[in-house]
Amino acid sequence: MDKQKNYIQLIYRLMVGLLSIGFLYVIWPYISSVLLMLVFAFLFTTVLLSSVDILERKIRNRGLSVLVVTVGLIAAISIFVGSFATNLADQAGGFSQRLETESFMDDFNNFIDKTKAKLPDFAKGGGEDVDAASKLNEVVGNVMSTLLTFAGALGSFIFNMIMVIIFTIILLLNYHQFKKSLVGFIPNKYFEVGLRLIYNIEQQVSNYLRGQLLAATSVAIMSIIGLYILNFFGANLTLVIFIGIIAGLANLIPLVGPFIGMLIAFAVALMNNLGNEAAQAHMLFNAIPSPFYILDVALMFIIVQQVDNNFITPLLVGESVGLHPIMVMIALLIGGTLIGPMGMLFAVPAAGIIKVIGHEISFVTKNAHLL
Amino acid sequence: MKSPLWSNIFKNWNSQESEKVTALKHVPVFDGLSDKELDEIEKLTHERTYQSGEHVFKNKAPSEGMFIIISGSVEIYLENAGDKNILAELNDRDFFGEIALLDTKPRSAGAIATTPSTLLGFFRPDLLSLMERNPALSSKILTNLGAVLAERLRKTNELLPKSDN
């Protein structure tokens with residue numbers, strides 16, 4: 001009789017589980033963006049929580065502490081983005097002015113001709129006489145239309161960011177109450193195990209974030225040093241600190257991130273050195289043609305990435321989640337396939353959390369008679 | 001019958017901060033803490049309600065922290081081959097399970113509420129996070145905890161010759 005009751009219970013639970021999954025599948029498109037905002041808000045909260053707690057202990061006012069920390073952070077980000085955008089706009093403005101001058105177009109055409117002349121016959125193409133300068137103009141036109149599309153996306157991004165900031169402020173203000181309310185839902189029987197689970201998840205996330213931020217900082221510093229070294233050899237790169245910081249921050253996105261800093265450095269190298277004969281004829285190690293120092297920049301970023309991937313990240317991040325490198329790769333692939341670069345950003349901590357939950361479920365199953 | 005699940009979820013609707021701080025002041029583990037520090041500890045504690053006859057924890061269960069009785073009564077017991085040996089009957093302001101703040105070994109005895117009880121739990125994960133955020137406060141608690149355990153050991157030592165006789 002008892003066995004039959006157990007089967008009925010099992011079937012009932014299975015049906016409820018399947019219905020819940022089905023319901024989640026149906027409503028997922030409507031809630032996914034809000035959930036993503038909440039995940040970001042949670043991550044920002046994890047990073048900022050200890051600063052808010054320390055400040056609150058000193059000034060005895062939670063609201064003011066949250067205000068000071070968030071306003072400070074927003075101000076720092078705004079100053080960084082603002083000055084980067086201004087510098088980049090100046091640089092782009094200067095570049096577009098140079099584009100309009102006839103001599104510059106001639107320079108560019110000369111450069112293309114020279115490069116073509118250096119290429120072996122099979123790589124020269126079908127022999128069509130292409131006007132490179134008009135092609136460049138066409139590209140600039142395309143870039144302008146892309147910029148308009150980008151402006152639209154920027155509006156949506158700003159709205160999402162504002163929502164994330166609001167969620168973060170609410171979470172920071174009430175984090176401890178929210179946590180207590182969540183804990184309040186745990187039945188007495190599973191209370192201590194539940195607390196341990198929540199603590200372990202918090203530890204996983206904060207260790208991962210701490211490790212990632214330290215790794216990002218070290219990548220930024222190494223990139224800045226590398227770019228200054230290239231400048232010492234005449235690379236004529238500007239916005240060095242900005243490029244370094246962006247390379248460090250982009251490094252948070254696995255696999256794709258490291259190329260973002262490199263691409264910006266390529267753009268700056270191209271903009272600064274177009275028309276400069278010496279830079280166009282530059283040879284890496286006096287052997288490999290590296291016009292505009294492109295290969296030098298790529299080599300520098302590859303070295304930084306190798307140092308980061310082989311020494312810094314395993315030391316600071318790898319140990320924090322306690323996952324085998326193969327599991328990390330699988331998690332990254334699954335995250336990337338499911339939600340793209342964002343999925344890659346969250347794949348490793350998510351895999352770490354799943355591992356903790358699995359460990360606790362197995363513990364509870366084995367020790368059910370003690371609870 | 002009042003469900004412990006619902007009473008645990010909605011307990012914060014009627015704030016009892018001062019009562020919790022008063023209970024904390026009676027526990028030797030929090031001796032010598034300022035009101036400000038007690039407020040910080042109070043934020044880390046979890047108020048739980050138990051029905052009469054409900055286990056707070058079973059013997060050999062995984063342990064995560066200590067409990068302070070705000071109201072009600074709790075029996076500490078050991079069960080040997082079906083025989084229940086009651087070790088202590090605890091009431092308002094008493095505390096138990098403090099060893100779990102220091103190690104991760106399973107509980108050495110069971111605890112069961114003998115009347116509807118409200119307990120305040122202070123757990124190792126919260127103590128560990130406090131150690132990171134406020135080492136000065138957590139070291140005071142750990143020193144007090146050491147003193148409580150030393151006192152227990154001293155009393156046990158005093159009882160040993162008597163039991164030998």
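Here is how names work: the chains are called A, B, and so on, in the same order as the sequence lines, proteins then strands, and each is numbered from 1.
- No side-chain heavy atom of A:N188 sits less than 4.5 Å from a side-chain heavy atom of B:H55.
- B:P125 is not listed as a side-chain neighbour of A:I198, based on a closest heavy-atom distance of 4.5 Å or more.
- Taking both residues in full, the closest heavy atoms of A:F363 and B:P62 are given as CE2-CG, 3.5 Å, listed atom of the first, atom of the second, then distance.
- The CD atom of A:E192 sits 4.5 Å away from atom CZ of B:R107, with the distance rounded to the nearest 0.5 Å.
- Shown here are the salt bridge (charged side-chain N to carboxylate O under 4.0 Å, His left out) partners of A:R196, two or more places apart in sequence or in another chain: A:E360, B:E64.
- Few gaps surround NZ on B:K84; more than 12 heavy atoms of other groups in view lie less than 6.0 Å from it.
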Derivation and outcome, side chain to side chain contact (heavy atoms under 4.5 Å, CB included), residues A:K179 and B:K43: CA-CA 11 Å; A:K179 193 177 153 190; B:K43 281 184 196 161; over 6 Å; no

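- Enclosure of atom CG in B:N157 by more than 12 non-hydrogen atoms of other residues, nucleotides or ligands within 6.0 angstrom is indicated.
- In this structure, CG in B:N134 is found 9.0 Å from CD1 in A:I54, a value given to the nearest 0.5 Å.
- Rounded to the nearest 0.5 angstrom, B:E40 CD and A:H176 NE2 are separated by 8.5 Å.
- A centroid separation of 6.0 Å or more is found between the aromatic rings of A:F191 and B:F67.
- Pairing each heavy atom of B:R48 with each of A:V183, the nearest pair is NH1-O, 3.4 Å.
- The contact between A:E56 and chain B is made entirely by side chain atoms (from C-beta outward), counting heavy-atom distances below 4.5 Å.
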